[in-house]
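First the proteins, then the strands, lettered A, B, ... as listed; each starts at 1.
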Amino acid sequence: MADDGAPRVRYGSTLDFLRALPGPARRFWLLVVATGLLAGLGAAGLLLALRAVQHVAWGGGSGHELLNAVSGASGLRRVLVPASAGLLVVIATIVVRRPLKGHGTASIIESIWARSGRMGLPWALFRGAVSITAVGMGAPLGREGALLSSGAATASALSTRFQIGPEQRRLLVACGASAGMAAAYNAPIGAALFGLEVLLGSFALELFGPIVIASVIATAVARLLTGDRPAYLIPHYAVGGGEAVLVALLLGPLLGVASAVYVRTVSAFSDVLERPGRLRALASPVVAMAAVGVAALWFPQVLGNGYDSVNAALVGQLPLALLLVLPWLKMVATAGTAGAGVPGGLFTPSLFFGSLLGGAVGHLVHLVVPAAPPEGAFALLGMGAVLAGTTHAAVSAVLLIFELTGDYGVVLPLMVVAVLAAAVSRRLWPQSLYTEVLHRRQVALPQLQPPSWLTRADAGQLMEPGAVTVREDASLDEVMATWLELAPGHDIHVVAPDGRYLGPILVERLRGHAPDHRRLRRTAARELVDHSIPRVREDTATSELAALFARVGVERLPVVDAGGRLAGTVGKSALLSKGLF
Amino acid sequence: MGIGERGRWTDRWVAGALGGALLLGVLGARAVPPPPPLLKVDPRAAVAAAAAHEAPEAPPAQAEEEPGAGPALIWLLPAAGQLSGAPGAGE
């Protein structure tokens with residue numbers, strides 16, 4: 001079949017398909033599968049390590065029961081264990097002689113965009129191990145940072161080992177990070193979308209396939225090793241119709257503002273704590289973690305990932321006082337420890353922030369309108385809104401929340417709050433949680449272009465006003481005299497006495513016509529108008545202009561206003577210099 | 001935004017965040033149980049030891065007052081709406 005030149009569409013098996021692929025493509029797809037497998041195994045290993053650390057540090061508590069274990073611990077233990085985690089970070093920093101700070105995702109974006117997908121595997125694994133230990137000992141950060149980084153670094157190491165090109169390496173690194181995230185949250189669809197939207201900035205089909213395959217494999221491996229259940233267990237909330245829209249309109253902008261505050265606070269703490277000073281660099285992790293420990297004397301919920309509190313908020317079991325206080329305490333604790341140099345993710349803490357704030361709004365609404373949707377539904381929407389608001393990734397936020405909770409009932413208001421929160425947050429603070437870090441490090445990311453039909457460039461912006469015109473009854477002599485005075489590349493335009501535009505005279509196009517000498521003297525300008533030349537409006541998009549120039553084959557096109565009068569002309573060279581069609 | 005200007009707003013922002021967190025923490029601490037003792041024995045072991053030494057006819061009211069069975073254990077409950085001092089307490 002391949003001999004006749006037609007593409008082959010039938011394969012006996014997957015192996016048959018792989019054999020038929022060209023060498024580099026075959027190697028790449030095998031590496032995608034290997035990345036998924038290794039990221040899943042790594043993620044499962046790190047999750048089991050997290051449980052073990054929690055068990056040793058707090059006694060008895062494991063997995064999702066950290067709060068119970070912390071609550072049973074003495075005051076001294078609540079302060080000393082987090083402070084020891086800070087000390088561990090300091091020792092690790094001294095041993096490797098470079099700071100461990102950072103939350104993974106920003107470094108992955110930097111690696112993909114600015115370093116051709118290169119990441120050091122030993123460094124990522126070491127940093128991941130320190131991060132998981134610190135989170136297990138109470139650092140108010142997310143475990144996902146370690147999982148994403150180790151997945152991405154594994155992919156980078158594989159691509160270097162098997163010598164694939166930089167484009168494929170970049171894509172494979174995004175596959176590894178998405179696979180790590182999918183395994184961390186048991187959320188393959190959301191993680192794949194996160195990889196496309198946040199890491200690669202594109203939903204192109206060529207990117208979608210490998211990322212989905214790596215995410216699915218990693219999730220399957222992690223499910224096999226650590227169990228299959230949604231990250232958060234909640235009752236089914238069915239919120240639809242008019243009340244859902246009202247809730248979304250209330251929560252979206254409110255949590256968009258809160259998201260901008262969150263991003264700005266994380267950035268401000270990093271800014272202040274990153275200032276030069278060896279003593280500050282060494283002391284700050286211990287001081288920050290000890291301060292978190294002191295806060296945990298009264299509020300043990302600030303320690304660790306915060307799963308228990310988010311679960312309690314999602315079922316509406318947290319009292320109003322805690323719903324009002326905890327999000328802000330956790331935000332400051334997260335910003336302070338991350339800025340101080342404790343490695344860990346910012347993704348899960350933002351879920352904590354959003355769900356508790358949403359729950360607080362729900363609680364307050366219930367005081368006024370008892371028939372409002374359940375408080376837990378507000379918490380769920382808050383979680384999605386802050387996720388979209390802090391990452392500026394509304395699509396993956398919706399999918400992630402849907403997968404994290406397994407609840408489809410709130411999908412309509414969830415989509416609305418995600419879009420509103422992302423728009424408001426971006427308006428208030430242009431950087432996301434991830435790009436803010438890169439912006440501070442002065443890493444230049446390429447500006448992603450919106451689709452050409454969305455670009456604001458149009459004929460009005462490229463237009464050159466003041467075209468040369470003649471009256472419609474002008475004689476041939478007048479036309480020729482005007483033509484001789486014209487600058488090269490311009491045309492004569494004919495207008496009616498009332499100002500209406502009739503069309504251009506393209507003298508070049510008159511060439512080759514046999515003249516009727518008896519009528520030449522009586523020829524008026526209106527008879528020379530070339531009606532085949534289209535006229536454009538000021539709001540005609542550049543893409544349309546490009547298509548017209550390709551079809552008509554002239555150097556300039558006339559631009560008319562709403563009243564049909566000539567406003568100016570737009571030239572092919574101006575369009576080419578803009579470079580956007 | 002210049003470097004100096006950015007430095008000023010970050011200083012102010014961090015000071016405001018820390019001050020706000022402290023204020024919220026102090027206000028919020030009134031709505032939650034007091035912190036646990038600096039050093040405490042395992043509450044389960046303490047309860048078990050107390051039960052072993054207690055006379056069988058001891059009234060249940062006294063058992064509730066045993067050390068370790070007070071606020072610290074109530075605090076363990078995820079249903080924090082039952083906390084003393086919290087809204088809805090005693091309902």
Set of salt bridge (Lys or Arg N to Asp or Glu O under 4.0 Å) partners for A/R427, sequence neighbours left out: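 Salt bridge (Lys or Arg N to Asp or Glu O under 4.0 Å) check on A/R427 returns nothing, list empty.
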Return a table of donor-acceptor pairs under 3.5 angstrom between the side chains of residues 283-293 of chain A and protein atoms on other chains or two or more places apart.
from: A/S284; atom 1: OG; to: A/R280; atom 2: O; distance (Å): 2.8
from: A/S284; atom 1: OG; to: A/A340; atom 2: O; distance (Å): 3.4

Is there a side-chain contact between B/V26 and A/W298 (heavy atoms, below 4.5 Å)? no
Quick one: does B/V32's side chain get under 4.5 Å of A/L322's, heavy atoms only? yes
Over all atoms of both residues, closest heavy-atom pair of [X] and [Y]:
X      : Y      : answer
B/T10  : A/A268 : CG2-CA, 3.9 Å
A/S74  : B/P36  : C-CG, 4.2 Å
A/F299 : B/G28  : CZ-C, 3.6 Å

Partner chain B: residue of A/M331, A/R77, A/R275 with the largest heavy-atom pair count (under 4.5 Å):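 Between A/M331, A/R77, A/R275, the count favours A/R275.
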Where on A/V315 is there a heavy atom nearer than 4.5 Å to chain B: the side chain, the backbone, both, or neither? neither
